[in-house]
Amino acid sequence: MRAVDIIIKKREKGELTREEIKFFVDGFTHGEIPDYQVSAWAMAVLLNGMSPRETTDLTLAMAHSGEILDLSDVVDIAMDKHSSGGVGDKTTLVVLPVVVACGLPVGKMSGRGLGFSGGTLDKMESIPGYRVNLSTDEFKKQLRSDGIVLTGQSFDLAPADGKLYALRDVTGTVQSIPLIASSIMSKKIAAGAQAIVLDIKVGLGAFMETLDDARKLANLMTGIGRLAGCEVVTLLSDMNQPLGEAVGNSLEVIEAINTLHGHGPSGFREHCLHVSAHMLVLGHRAPELETGRRMAEAAIASGAAFEKYRVLVRAQGGDMSFVDDPGKFPKAKFVDLIKADRSGTLSRVHARLIGEAAVALGAGRTRIGDPVDHAVGLIIHHKVGEQVERGESLVTIYANDPEKQRAVGEGLRAAFGWSDKPFAALPLFYK
Ligand code: URA
């Protein structure tokens with residue numbers, strides 16, 4: 001076989017065989033197919049798509065391009081949760097301790113933020129000392145002893161995806177449903193997941209901007225999961241506006257801790273309860289969603305969920321004094337308020353523009369490996385559908401650089417849309 005023939009076949013809208021896909025994936029994993037051919041192939045896939053069968057073959061070839069983690073000697077069911085990424089999405093920080101407190105152990109590998117979308121590892125690293133580079137042995141040991149792990153991908157899970165994703169990121173080929181589905185599912189299968197709750201974000205601050213595309217992605221991933229022997233529940237949730245109020249690393253950790261104490265923003269808390277309930281049902285700890293939800297509420301109300309968060313942070317070397325007193329997180333030097341310059345109902349709180357503003361302050365990175373400033377970010381004071389009076393606070397900006405603060409402040413007004421009539425609040429979930 002020749003890589004160029006496989007590229008041409010996809011360019012001409014052909015359907016690749018399992019053997020051709022495996023040849024291509026093995027070739028680029030081992031460096032035998034150069035980046036320029038992989039890039040051309042990715043563009044052909046983006047433009048011409050893949051059938052569900054091709055996407056499944058691609059997923060399995062990428063999943064088997066490296067080690068496959070086996071957790072069967074550690075947990076009765078290897079449960080995972082994955083969000084397709086968004087702005088202010090600190091759900092894992094709440095949901096993990098909640099379900100663990102309800103008796104469902106979870107070891108999760110998360111990623112860093114890239115572009116306007118934040119990353120769980122960057123958030124957790126706001127806590128001094130917190131380690132995100134556990135070895136496989138440490139991962140299993142901690143999952144066995146504490147029932148909770150939240151770390152990075154420290155060994156070579158699905159290395160083919162690592163290579164392909166890095167190329168997609170710089171060749172305009174991220175936004176392809178088959179490539180996104182295979183990228184996410186290959187890592188989950190390689191991480192040994194037997195059951196996954198997938199939280200697919202839809203809207204202005206998500207990879208999938210329309211419900212139609214999000215549904216296609218959801219169906220594809222659910223189908224791939226089933227074929228790989230993994231049960232998948234997919235939720236379609238809103239990412240037109242940020243989730244919760246805080247956007248930025250330590251600000252989001254503080255919001256997560258408040259939520260674990262029962263005080264977080266109501267929409268974010270509701271989102272976490274719903275995801276937790278699905279995990280508890282899928283993990284056979286609750287017979288149906290309503291019970292799962294009540295279990296999750298009780299874990300927060302009793303303090304058991306917060307206690308599990310403490311167990312997690314302690315196990316991974318984090319400074320507990322920050323968890324017990326979030327007032328200790330370093331403050332950004334400059335704090336500014338943007339106030340409404342009119343009265344009306346908010347019709348838009350643009351998640352992507354807000355995510356980009358947080359990155360511009362230094363909360364995120366535009367290139368892999370850039371440092372992040374854990375203290376900076378934004379608090380968004382209102383949601384779509386809320387009535388706001390002129391002079392009320394819209395956003396608080398936390399900055400360490402007055403120049404960036406000024407630039408972000410000027411641009412942020414464009415994130416807010418106004419209506420003179422009542423405007424419906426956005427749902428948390430679409431399906
Ligand atoms: N997350 C991934 O891991 N891969 C994608 O392609 C998109 C989001």
Side-chain angles (χ1 to χ4, degrees), residues 25 28-29 38-39 41-47 49-50 54-56 58-63 65-66 69 80-87 89 91-92 108-123 132 150-193 196-210 213-222 224-225 228 230 232 234-237 239 243 351-352 355 364-365 368:
V25 169
F28 69 72
T29 306
V38 182
S39 307
W41 173 84
M43 186 57 82
V45 171
L46 177 127
L47 295 174
M50 273 186 153
E54 283 178 293
T55 311
T56 305
L58 176 62
T59 308
L60 295 180
M62 292 207 296
S65 63
L69 192 58
D80 209 338
K81 170 244 163 219
H82 184 88
S83 154
S84 64
V87 180
D89 187 0
T91 308
T92 294
K108 176 159 166 46
M109 295 186 196
S110 285
R112 297 198 176 278
L114 190 63
F116 63 83
S117 153
T120 299
L121 298 184
D122 297 324
K123 293 170 200 184
V132 298
L150 182 50
T151 183
Q153 197 177 297
S154 53
F155 60 98
D156 235 5
L157 280 187
D161 174 63
K163 281 197 160 185
L164 182 57
Y165 193 83
L167 280 180
R168 287 168 57 210
D169 200 36
V170 291
T171 55
T173 51
V174 169
Q175 247 92 343
S176 149
I177 291 176
L179 293 181
I180 293 175
S182 54
S183 166
I184 294 175
M185 292 305 289
S186 64
K187 284 178 289 215
K188 297 288 148 191
I189 294 168
I196 312 174
V197 174
L198 286 172
D199 184 9
I200 310 266
K201 304 286 179 199
V202 192
L204 298 170
F207 285 125
M208 298 292 111
E209 288 204 15
T210 67
D213 279 350
R215 269 201 200 97
K216 279 189 201 139
L217 181 65
N219 289 338
L220 200 51
M221 294 209 281
T222 311
I224 294 169
C230 178
V232 184
T234 311
L235 309 173
L236 303 183
S237 68
M239 191 37 73
L243 187 56
R352 184 169 47 74
R365 51 176 75 76
I368 293 169

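In listed order, ligands and their atoms are each counted from 1. Side chains included, hydrogens not; waters and symmetry mates left out as well; all remaining heavy atoms used.
Contact between Met62 and Ser186 at its shortest, heavy atoms only, is CB-CB, 3.7 Å. The nearest pair of heavy atoms linking Ala351 to Val87 is O-CG2, 3.3 Å.
Pairs engaging residues 175-189 under the salt bridge (charged side-chain N to carboxylate O under 4.0 Å, His left out) rule: Asp80-Lys188, Asp161-Lys187 [sequence neighbours left out].
With sequence neighbours excluded, the residues satisfying side-chain hydrogen bond (donor to acceptor under 3.5 Å, both in side chains) with Thr234 are Thr222. Scored by the side-chain hydrogen bond (donor to acceptor under 3.5 Å, both in side chains) test, Thr171 finds Thr173 as partners (sequence neighbours excluded).
Between the side chain of Ser237 and the backbone N or O of Lys201 there is no donor-acceptor pair closer than 3.5 Å.
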Quick one: ligand 1 N/O to protein N/O pairs below 3.5 Å?
unit_1   : atom_1 : unit_2 : atom_2 : d
ligand 1 : 3 (O)  : Ser183 : OG     : 3.4
ligand 1 : 3 (O)  : Lys187 : NZ     : 2.5
ligand 1 : 4 (N)  : Ser183 : OG     : 2.6
ligand 1 : 6 (O)  : Arg168 : NH1    : 3.0
ligand 1 : 6 (O)  : Arg168 : NH2    : 2.9
ligand 1 : 6 (O)  : Ser183 : OG     : 3.4

